[in-house]
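Accompanying notes for the structure given below.
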Number of protein chains: 2
Amino acid sequence: MSPTDALFSRLVSGALLDDAAGAALAGIATSVERHEAGEVVVERGAPARGAFVVVDGWASRSISLSDGRRQIVNFMLPGDLFDLQVFTGRPADHTVTALTPLTTAQLDKTEMLNLFRGASPLALAFWWAAVQEEAILREQIVRNGRRSARERVAHLLLELYERLRVTGRASDDAFVLPIGQSSLADALGLSYVHVSRVLSQLERSGLIERQRMQVRLVDRPALQALCDFSTLYLDAWERTAKLG
Amino acid sequence: MSPTDALFSRLVSGALLDDAAGAALAGIATSVERHEAGEVVVERGAPARGAFVVVDGWASRSISLSDGRRQIVNFMLPGDLFDLQVFTGRPADHTVTALTPLTTAQLDKTEMLNLFRGASPLALAFWWAAVQEEAILREQIVRNGRRSARERVAHLLLELYERLRVTGRASDDAFVLPIGQSSLADALGLSYVHVSRVLSQLERSGLIERQRMQVRLVDRPALQALCDFSTLYLDAWERTAKLG
DNA sequence: CGTGACATTGAACAAAGTCAAAAGTGGTGG
DNA sequence: CCACCACTTTTGACTTTGTTCAATGTCACG
């Protein structure tokens with residue numbers, strides 16, 4: 001039994017691979033690692049070593065807030081790939097932990113990049129965009145899973161501000177929020193009534209100001225502290241390593 | 001101003017593109033579409049037409065439960081790409097709605113695939129795995145955002161069952177659940193105390209059985225009905241269209 | 001002005017969290 | 001084989017957070 005068996009059976013069931021490609025796959029899944037239950041496999045913030053396949057056992061991908069609240073973003077089962085963001089040179093925005101005795105196989109980074117050799121540089125750019133988006137989804141999971149209503153609202157406002165800023169649509173701690181509170185509520189997993197209350201309260205506390213569709217983050221540092229906001233998951237917009 | 005300006009400024013700030021690649025990018029972002037606020041841009045379940053860039057305006061990506069509860073999975077702002085799953089031939093597992101007057105540019109499907117011409121078939125397989133994973137993350141967002149504790153637990157058990165089944169690790173409505181309740185709680189955004197209560201209650205209702213680390217989904221249809229479980233987001237494991 | 005969509009407020013209610021203690025479980029070594 | 005340990009699960013009482021329902025405001029626009 002090869003380390004890539006489980007992955008292979010997933011890919012085959014999706015009709016994505018033939019046997020030749022399967023052999024190629026097995027060829028790049030080189031070093032097999034074994035971990036005990038509880039062991040950390042990839043640390044948040046650590047530079048990417050390579051991508052991994054889960055050969056056997058269960059692992060979790062999780063993100064913790066600074067006060068200890070923890071959100072498992074998803075479970076990784078045999079055949080699952082992770083840290084496919086190697087392509088982009090980004091550090092991991094999450095921690096991977098073995099939940100049971102775990103066997104993984106590492107897919108070599110340069111081998112992986114070789115697969116893209118011959119493709120347009122745009123292909124990697126799109127890959128990067130997809131990785132980017134995944135990071136935003138993960139953060140959304142943590143936001144809605146382990147943050148209070150107040151924290152959620154603050155966190156979303158901060159994220160929107162940062163994302164809009166990159167394309168020149170926000171500055172001076174202010175931006176146009178062209179959507180109603182019930183859309184915010186649907187994004188945050190709250191009722192629109194409660195969103196209204198929280199926004200009013202943030203305004204009364206002097207953290208934000210609202211007029212029409214304009215929002216101003218009056219005290220951005222305080223907002224960030226309030227919800228434990230980190231730009232790690234967005235930073236890559238500005239600091240990603242160049243690709244070969 | 002070209003339709004890809006916002007995307008370009010994102011990619012450039014990540015040092016991913018030079019001007020030549022930017023021109024190539026502009027070359028494949030052909031047909032520009034305009035939508036009114038509230039209009040549906042991509043319908044859940046519809047076959048992929050191509051990938052899109054948001055040129056101007058805001059959109060949401062959302063998933064609704066059959067009783068109307070709605071979860072916005074993320075907001076799409078100018079420069080964001082979406083429906084990158086074209087590569088995989090999967091239908092959309094979510095609905096894209098314009099939140100404001102919206103301008104998008106379509107990236108032609110065959111042009112997109114051409115970018116991968118010359119890359120190994122494995123490159124597309126990895127892309128497919130990433131898309132797969134994103135779908136699971138989206139479902140996790142809906143689960144934790146708009147489902148009750150009872151529904152969440154049922155939904156997660158069903159997902160794990162389906163995912164394990166693909167690699168032969170579950171059958172007969174039963175599988176080994178080798179993790180503690182506090183891991184489940186961390187994944188579901190609940191307290192472990194509450195998870196314990198819910199599991200006990202599901203067992204008393206005759207929907208599941210537990211012994212050691214074994215879980216049996218005694219009445220899978222009822223569980224699926226209980227939490228509005230759809231395999232759409234997992235199905236691709238078995239029904240994805242073949243790639244060129 | 002009047003109208004309709006969106007936002008705010010209050011009061012009653014429900015879901016899930018917290019705290020604390022008791023009951024299993026399984027592994028270890030005597 | 002049993003006693004002991006650490007850990008996980010269960011249960012009950014109580015608290016907190018956010019929801020629901022319903023009424024009231026506000027504002028842009030015809």
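Below, read A as the first sequence line, B as the second, and so on, with proteins coming before strands; counting in each chain starts at 1.
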Is a salt bridge present between [X] and [Y], judged by a nitrogen-to-oxygen distance below 4.0 Å?
{"X": "B/R143", "Y": "B/E139", "result": "no"}
{"X": "B/R69", "Y": "B/D228", "result": "no"}
{"X": "A/D172", "Y": "A/R216", "result": "no"}

Side chain to side chain donor-acceptor pair (under 3.5 Å), paired with B/Y233, selected from B/Q140, B/R138, B/E159, B/Q132:
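Testing each of B/Q140, B/R138, B/E159, B/Q132 against B/Y233, the sole residue satisfying side chain to side chain donor-acceptor pair (under 3.5 Å) is B/E159.
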Are A/W58 and A/L102 side-chain neighbours, meaning at least one heavy-atom pair lies under 4.5 Å?
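No, every pair of side-chain atoms sits at 4.5 Å or beyond.
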Side-chain polar contacts of residues 205-212 of chain B - donor-acceptor pairs under 3.5 angstrom, sequence neighbours left out - could you list them?
residue : atom : partner : partner atom : Å
B/S205  : OG   : B/Q201  : O            : 2.7
B/R210  : NE   : B/E203  : OE1          : 3.2
B/R210  : NH2  : B/E203  : OE1          : 2.9

Describe, as an angle rounded to 10 degrees, how the axis at the first end of the helix from C/dC1-D/dG30 to C/dG30-D/dC1 is tilted relative to the axis at the last end, five pairs per end.
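Computed from the C1' atoms at both ends, the axes differ by 30°.
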Contacts of [X] that satisfy ring pair (Phe, Tyr, Trp, His ring centres under 6.0 Å) - sequence neighbours left out:
{"X": "A/F75", "result": "none"}
{"X": "A/F175", "result": "none"}
{"X": "B/F229", "result": "B/H155"}

Can A/T167 and A/R169 be counted as having a side-chain donor-acceptor contact under 3.5 angstrom?
yes
So which of residues 61-72 of chain A are in contact with DNA chain C, with a heavy-atom cut-off of under 4.0 Å?
none
Side chain B/R44, main chain B/D93, donor-acceptor under 3.5 Å
yes
Do B/R152 side-chain atoms and B/R147 backbone N/O form a donor-acceptor pair below 3.5 Å?
yes
A correct 5'-to-3' footprint of nucleotides 10-15 of chain D, with B, S and - meaning base, sugar-phosphate only and no protein heavy atom under 4.0 Å, is BBBB--
Quick one: what's the B/S/- string for nucleotides 25-30 of chain D, heavy-atom cutoff under 4.0 Å, read 5' to 3'?
---S--
Working to the nearest 0.5 angstrom, can you tell me the gap between A/L190 CG and A/S182 OG?
12.5 Å
Identify the two heavy atoms, one from A/S60 and one from A/I72, that lie closest to each other, and give their separation to 0.1 Å.
CB-CG2, 3.9 Å
Over how many whole Å does the gap from A/L99 atom CG to D/dT8 atom P extend?
12 Å
Separation of A/L190 atom CG from D/dT20 atom C1', in whole Å?
14 Å
Got a sec, which residues hit side chain to side chain donor-acceptor pair (under 3.5 Å) with B/S62, two or more places apart in sequence or on another chain?
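With neighbours one apart ignored, the set is empty.
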Please find the earliest and latest nucleotides of DNA chain C, in the 5' to 3' direction, that have an atom within less than 4.0 Å of any heavy atom of chain A.
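From 5' to 3', the first and last contacting nucleotides are C/dA7 to C/dA11.
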Do any of residues 149-157 of chain A sit with a heavy atom less than 4.0 Å from DNA chain D, and if so which?
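Of all residues in residues 149-157 of chain A, the ones placing a heavy atom under 4.0 Å from DNA chain D are A/A149.
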Residue from A/L158, A/V153, A/L157 passing side chain to side chain contact (heavy atoms under 4.5 Å, CB included) with A/L223
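Among A/L158, A/V153, A/L157, the one that satisfies the side chain to side chain contact (heavy atoms under 4.5 Å, CB included) with A/L223 is A/L158.
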Could you list all the ring-ring contact (aromatic ring centres under 6.0 Å, His included) pairs where at least one residue sits in residues 33-52 of chain B, not counting sequence neighbours?
B/F52-B/F82
